[in-house]
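To keep things clear, I will list the structure first and then write my remarks on it.
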Amino acid sequence: MADVLVLIDHTAGLVSRAASELITAARALGTVHAVAVVRAGEADAPRALAAQFGASKLSVIEAVDGHPITPSVDALASIAQAHAPAAILITSGAKGKEIAGRLAVRLGSGLLTDVIDVAQDFSATQSIFGGSTVVHSKVTHGAPIITVRPNACEPVASESSPEIVDVTVAHTSSGVTVTSRQAPVKGGRPELTEASIIVSGGRGTNGDFSPVESLADALGAAVGASRAATDAGWYPHSNQVGQTGKTVSPQLYVACGISGAIQHRAGMQTSKTIVAINKDADAPIFELADFGVVGDLFNVVPQAAAGVLARKS
Amino acid sequence: MADGQVIGNIRHIYVGVRQESLVKFLVCVKQVPDSWAEKKLGADARLDRAGVDAVLNDLDEYAIEEALRICENSGGNGEGGEHSITLLSMGPDRATEAIRKGLSMGADNAILISDEALSGSDALATSLVLAKAIEASGAHIVLCGTESTDARMSVVPAMLAERLGWPQLTFAGELKIDAAANKVTIKRMTDEGIEEMEASLPCVVSVIEKINEPRYPSFKGIMAAKKKTIETRSLADVGVSGDQVGSASSWSAVVDSALRPPRSAGIKVVDEGNGGNELVSFLADKKIV
Ligand SMILES: Cc1cc2nc3c(=O)[nH]c(=O)nc-3n(C[C@H](O)[C@H](O)[C@H](O)COP(=O)(O)OP(=O)(O)OC[C@H]3O[C@@H](n4cnc5c(N)ncnc54)[C@H](O)[C@@H]3O)c2cc1C
Ligand SMILES: Nc1ncnc2c1ncn2[C@@H]1O[C@H](COP(=O)(O)O)[C@@H](O)[C@H]1O
């Protein structure tokens with residue numbers, strides 16, 4: 001089987017669940033050659049992940065440039081040129097798509113982004129226009145570069161001891177100096193893009209996210225927010241769901257005090273089940289809700305949280 | 001959005017006063033179908049644009065606004081001003097409507113690359129054409145939105161940086177230009193946290209929607225825009241051959257597409273004191289709890 005390059009997604013050495021999904025998906029497509037591009041001290045978790053999820057080969061490359069994008073492009077381009085893989089898989093996110101875009105230019109390869117499934121022949125399924133249309137696409141030039149959305153498959157562990165492949169990387173200079181880095185604030189709750197349940201709050205919370213958080217905790221869910229809520233500073237931007245926030249596709253999405261503007265829907269309407277609580281019976285969010293409660297979230301949400309906890313005990 | 005969000009001027013550092021510190025801004029803007037419109041693929045597997053209102057990609061308005069603010073704080077643009085703001089777009093002839101909006105916000109002029117051969121171009125072809133035009137323009141800084149609301153690929157700015165060999169400063173939530181010192185600083189804001197980074201001109205910057213609040217064109221701006229030049233160029237003018245672009249040369253192809261049945265509204269109950277419990281029963285029926 002031909003090699004499939006998989007870039008292991010991580011933030012400062014913390015691997016994402018999406019990285020394990022990607023290796024899992026790649027196992028069905030070829031010999032997995034995992035690639036981790038790290039700064040000093042970040043290699044352990046990517047290395048362990050590659051072995052846990054069954055990569056056959058592993059290359060760990062230390063970035064010599066601080067740019068968030070170009071060191072990964074250099075590494076993947078050099079490996080691709082030396083090893084001629086059948087395809088290159090990258091996690092779809094702001095960073096992954098930029099890496100993929102530059103790589104496509106450098107290698108002269110076709111690019112497919114936001115893919116939800118990759119077939120044996122490397123044709124890919126994409127869900128576009130906010131989930132209203134499903135397309136199958138294929139790359140017609142070069143080794144396909146495919147960015148795969150988080151949550152596209154279930155990660156399945158499969159222990160291996162990957163062969164370490166040494167590579168010579170043609171490092172380029174990005175011309176950019178990174179002067180400071182501030183890690184995203186992480187709470188104890190699941191990550192938005194990885195969670196199977198999300199409870200989101202909007203302007204209707206009026207700044208008080210405690211009912212939203214208590215329902216989220218009762219359900220073991222992540223907390224999301226509309227742009228109105230993140231703009232007001234009630235919740236961090238990293239929790240924003242929507243066109244300019246995250247695209248999520250959980251089993252259950254609960255929208256509390258969110259009207260359902262098109263830009264918000266763009267990020268959540270492929271959720272399996274959608275529940276909305278809103279005191280305006282005409283709020284557009286109800287058009288896509290499988291279950292809607294017309295009412296004050298400050299009454300409905302705490303009652304629901306208590307009800308969920310009661311069922312658990 | 002609350003007005004209080006506009007942090008405004010503090011972060012926009014003057015571009016200097018000397019003539020050498022003139023900055024030529026080039027803002028990449030795209031015409032897209034209105035995001036409220038229902039989008040679907042036509043028989044040729046391309047976006048069916050007929051009958052859908054076309055607008056200026058709203059994320060590009062933030063890039064225009066940012067260029068305007070930087071100029072306003074440092075010597076101005078347009079007639080009598082120190083700097084210049086040119087809009088650059090690739091698209092059909094009717095993209096001039098969207099471009100006109102950017103001009104009425106206050107940009108000085110525009111270049112539209114329009115050619116039959118371009119239809120069906122993907123991001124790789126788009127970035128090739130835009131990069132050629134940028135190289136010929138003598139621009140000092142290219143500003144983009146982070147994403148076009150139709151394609152939603154979010155790759156063109158990175159591709160431009162790669163093609164031009166210019167520093168890539170993308171996902172900027174803050175932007176400062178100090179042209180006298182030849183320094184551009186941004187705060188990159190993504191899931192990875194916040195990264196402060198700097199580079200020299202020329203460079204490619206993309207801005208996120210948190211950076212500012214775009215202005216509405218004023219009546220005066222709309223009138224002034226009618227007199228501004230939109231220069232239309234063909235592929236040959238840009239120096240790209242027809243076989244490098246368009247659907248025939250595209251590096252990816254749509255095999256097939258299907259419409260998913262639209263989501264339909266489900267059960268709706270009115271809370272009369274028991275809404276939360278009804279919600280829990282629904283979740284229990286779905287075996288979620
Ligand atoms: C370029 C651009 C990008 C954007 N990107 C995004 C994005 O990524 N994500 C996003 O979310 N938005 C985005 N937006 C903003 C979007 O258009 C809406 O403004 C935003 O989603 C509204 O948030 P909201 O639903 O919380 O607020 P509102 O629209 O104000 O709705 C609040 C809702 O809460 C209800 N409510 C009030 N009080 C209560 C109560 N006590 N109990 C129950 N219900 C109550 C109201 O009936 C109302 O329906 C973007 C906009 C632009 C222009
Ligand atoms: N056809 C185009 N003409 C001009 N600018 C474009 C074009 N396509 C994309 N861009 C720019 O690139 C950004 C990202 O677009 P995309 O990669 O298509 O999501 C947009 O916000 C624009 O600034």
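None of these values were measured; they are calculated from a predicted model. Every chain is numbered from 1 and lettered A, B, ... according to where its sequence line falls, protein lines coming before strand lines.
- Heavy-atom distances place the side chain of A/Leu112, and not its backbone, under 4.5 Å from chain B.
- Side-chain N or O atoms of A/Ser16 include none that pairs as donor or acceptor with a backbone N or O of A/His10 at under 3.5 Å.
- Contact annotation for A/Ala183: only backbone heavy atoms (N, CA, C, O) come within less than 4.5 Å of a heavy atom of chain B.
- Within the 4.5 angstrom heavy-atom criterion, no atom of B/Lys187 approaches chain A.
- The closest side-chain heavy-atom distance from A/Ile198 to A/Lys246 is not below 4.5 Å.
- The residue among A/Asn299, A/Thr230, A/Leu288 with the most heavy atom pairs within less than 4.5 Å of chain B is A/Leu288.
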(message) Checking B/Asp191 against A/Lys95 for the salt bridge (charged side-chain N to carboxylate O under 4.0 Å, His left out) test, could you report, in this order, the C-alpha distance in whole Å, the side-chain angles of both residues, the deciding distance, and whether it holds?
(response) CA-CA 9 Å; B/Asp191 289 1; A/Lys95 181 175 66 172; over 6 Å; no
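- Within the 4.5 angstrom heavy-atom criterion, only side-chain atoms of A/Ile69, from C-beta onward, approach chain B.
- Of the two parts of A/Ile274, the backbone and the side chain both hold a non-hydrogen atom closer than 4.5 Å to a non-hydrogen atom of chain B.
- The contact between B/Leu283 and chain A is made entirely by side chain atoms (from C-beta outward), counting heavy-atom distances below 4.5 Å.
- For A/Val139, the parts lying near chain B are the backbone and the side chain together; criterion is any non-hydrogen pair under 4.5 Å.
- Heavy-atom pairs under 4.5 Å with chain A were tallied for B/Met159, B/Arg163, B/Glu198; the largest tally goes to B/Glu198.
- Contact of A/Asp290 with chain B is made through backbone and side chain together, with heavy-atom distances under 4.5 Å.
- You'll find the side chain of B/Pro214 stays beyond 4.5 Å of the side chain of B/Ile64, heavy atoms only.
- Interface remark: A/Ser174 contributes backbone atoms only to the contact with chain B (heavy atom separation under 4.5 Å).
- The shortest side-chain heavy-atom distance between B/Ile208 and A/Thr244 does not fall under the 4.5 Å cut-off.
- Proximity to chain A is absent for every atom of B/Ala123, based on heavy atoms less than 4.5 angstrom apart.
- For B/Thr190, the part sitting under 4.5 Å from any heavy atom of chain A is the side chain, from C-beta outward, and nothing else.
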(message) Applying salt bridge (charged side-chain N to carboxylate O under 4.0 Å, His left out) to B/Asp271 and A/Lys279, what does each step give before you reach the verdict?
(response) CA-CA 9 Å; B/Asp271 177 38; A/Lys279 64 182 183 191; over 6 Å; no
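- When heavy atoms are compared at a cutoff of 4.5 Å, A/Thr193 does not approach chain B at all.
- The candidate from A/Thr11, A/Val254, A/Leu297 with the greatest count of non-hydrogen atom pairs under 4.5 Å with chain B is A/Thr11.
- The closest side-chain heavy-atom distance from A/Thr179 to B/Thr185 is not below 4.5 Å.
- Proximity to chain B is limited to the side chain of A/Thr247, based on heavy atoms less than 4.5 angstrom apart.
- For a residue to count as touching a neighbouring chain, one of its non-hydrogen atoms must lie under 4.5 Å from one of that chain's; by this rule A/Thr147 does not touch chain B.
- At most 12 non-hydrogen atoms from other residues, nucleotides or ligands lie less than 6.0 angstrom from NZ of A/Lys272.
- For A/Arg311, the part lying near chain B is the side chain, with the backbone staying farther off; criterion is any non-hydrogen pair under 4.5 Å.
- Using a 4.5 Å heavy-atom threshold, the side chains of B/Glu65 and B/Glu213 count as separate.
- Using a 4.5 Å cut-off between heavy atoms, A/Leu14 makes no contact with chain B at all.
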(message) Set out, in order, the CA-CA distance, both residues' side-chain angles and the distance that settles side chain to side chain contact (heavy atoms under 4.5 Å, CB included) for B/Met90 and B/Val238, then state yes or no.
(response) CA-CA 11 Å; B/Met90 180 187 119; B/Val238 182; over 6 Å; no
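- Taking chain A as the reference chain and counting heavy-atom pairs below 4.5 Å, the highest number among B/Ala258, B/Pro167, B/Gly275 is found for B/Ala258.
- Interface residue B/Glu278: backbone and side-chain heavy atoms are both found under 4.5 Å from chain A.
- Checked options A/Ile116, A/Asp117, A/Thr125; the residue passing with A/Val134 is A/Thr125 (criterion: side-chain contact (heavy atoms from CB on, under 4.5 Å)).
- With a threshold of 4.5 angstrom between heavy atoms, A/Ile99 does not approach chain B through any atom at all.
- When heavy atoms are compared at a cutoff of 4.5 Å, A/Ala228 does not approach chain B at all.
- Ranked by heavy-atom pairs under 4.5 Å with chain B, the list A/Glu287, A/Gln126, A/Glu191 is led by A/Glu287.
- Listed options A/Ala306, A/Gly295, A/Pro144, A/Ala289 were ranked by heavy-atom pairs under 4.5 angstrom with chain B; first place goes to A/Ala289.
- Heavy-atom distances place the side chain of B/Glu147, and not its backbone, under 4.5 Å from chain A.
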(message) side chain to side chain contact (heavy atoms under 4.5 Å, CB included) for A/Phe291 and B/Ser281? Distances and angles first, verdict last.
(response) CA-CA 11 Å; A/Phe291 191 85; B/Ser281 310; over 6 Å; no
(request) Decide side-chain hydrogen bond (donor to acceptor under 3.5 Å, both in side chains) for A/Thr270 and A/Ser249; before the verdict, give the C-alpha distance in whole Å, the side-chain angles of both, and the deciding distance to 0.1 Å. (result) CA-CA 5 Å; A/Thr270 55; A/Ser249 198; 3.2 Å; yes
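- Annotation: side chain of A/Arg106 is in contact with side chain of A/Thr172 (closest heavy-atom distance under 4.5 Å).
- Your options are A/Leu111, A/Asp114, A/Val301, and the one with the most heavy-atom pairs under 4.5 Å with chain B is A/Leu111.
- Side-chain atoms of A/Glu98 and B/Ser154, non-hydrogen and from C-beta on, never get closer than 4.5 Å to each other.
- Listed options B/Val184, B/Val156, B/Ile186, B/Thr170 were ranked by heavy-atom pairs under 4.5 angstrom with chain A; first place goes to B/Thr170.
- Remark: the B/Asn277 side chain and the B/Asn274 side chain contain an N/O donor-acceptor pair separated by less than 3.5 Å.
- Proximity to chain A (any heavy atom under 4.5 Å) is shown, for B/Leu279, by both the backbone and the side chain.
- Ranked by non-hydrogen atom pairs under 4.5 Å with chain B, the options A/Gln240, A/Lys312, A/Gln251 are led by A/Gln240.
- Judged by distance alone, the side chains of A/Thr133 and B/Ser257 never bring a donor and an acceptor atom under 3.5 Å apart.
- Residue contact with chain A, scored on non-hydrogen atoms closer than 4.5 Å, involves the side chain of B/Leu59 exclusively.
- When each of B/Glu195, B/Gln168, B/Lys286, B/Met197 is scored by its heavy-atom pairs under 4.5 Å with chain A, the top score falls to B/Gln168.
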(request) Go through B/Ser148 and B/Asn57 one step at a time and tell me if the side-chain hydrogen bond (donor to acceptor under 3.5 Å, both in side chains) criterion holds. (result) CA-CA 6 Å; B/Ser148 50; B/Asn57 179 30; 5.2 Å; no
